[in-house]
Amino acid sequence: MISKGRHQNGDVAAALDRAKKAGCRVVPDKNGHRWGWVVCCSCGTQLTVSGTPKNPGNEAKRIDRFVREHQH
Ligand SMILES: [Zn+2]
């Protein structure tokens, strides 16, 4: 069962879990194709997460890259 606030795509949901563990904030806020944001707690930069990514693997990689770049 998919819990509320979890991304429907497994790859993206796993990347969001990694982002949380790395200390970023994950903010679900569905609006159209937007699923929500990943927010860096150190500098406040926001990454928009698509709810309907054309390529979920790439969307997961985007999130991982963002998290790597924001290990301040
Ligand atoms: Zn940052």
Side-chain angles (χ1 to χ4, degrees):
M1 189 181 150
I2 296 169
S3 64
K4 204 173 169 230
R6 194 162 168 85
H7 200 285
Q8 63 186 354
N9 181 272
D11 288 346
V12 179
L16 291 170
D17 283 345
R18 289 193 289 276
K20 269 187 219 167
K21 280 194 191 122
C24 293
R25 267 180 66 214
V26 174
V27 184
D29 181 24
K30 273 197 183 170
N31 189 345
H33 289 294
R34 188 186 72 208
W35 178 85
W37 294 284
V38 178
V39 184
C40 173
C41 287
S42 298
C43 72
T45 302
Q46 299 183 344
L47 175 77
T48 304
V49 179
S50 172
T52 54
K54 280 193 188 122
N55 186 327
N58 278 354
E59 189 71 1
K61 275 183 205 154
R62 267 180 72 229
I63 294 164
D64 284 338
R65 189 166 55 228
F66 176 87
V67 169
R68 264 204 315 277
E69 286 171 356
H70 287 275
Q71 298 298 299
H72 300 283

*Between atom CD of E69 and atom CG of L47, what is the distance when rounded to the nearest 0.5 Å?*
9.5 Å
*For residues W37 and Q46, report the shortest heavy-atom separation together with the two atoms involved.*
NE1-OE1, 3.9 Å
*Between S50 and H33, do the side chains contain an N or O donor and an N or O acceptor separated by less than 3.5 Å?*
no
*Kindly indicate whether the side chain of L16, heavy atoms from C-beta on, has any atom under 4.5 Å from the side chain of W35.*
yes
*Kindly compute the distance separating CD1 (I63) from OG1 (T48), expressed to the nearest 0.5 Å.*
10.5 Å
*Which heavy atom of Q71 sits nearest a heavy atom of A22, and at what distance?*
NE2-CB, 3.5 Å
*Minimum heavy-atom distance between C41 and R25, given as atom pair plus value*: SG-CG, 3.7 Å
*For H7 and P53, which heavy atoms make the closest approach, and how far apart are they?*
CE1-CD, 4.2 Å
_Flag side-chain contact, heavy atom, 4.5 Å: C43 against H70_ = yes
*What pair of heavy atoms forms the shortest contact from C40 to C24, and how long is it?*
CA-SG, 4.4 Å
*What is the minimum heavy-atom distance between V39 and G44, and which atoms define it?*
CG1-O, 4.0 Å
*Show your working on side chain to side chain contact (heavy atoms under 4.5 Å, CB included) between D11 and E59 and close with a plain yes or no.*
CA-CA 8 Å; D11 288 346; E59 189 71 1; over 6 Å; no
_Side-chain (R62) to main-chain (V49) donor-acceptor, under 3.5 angstrom_ = no
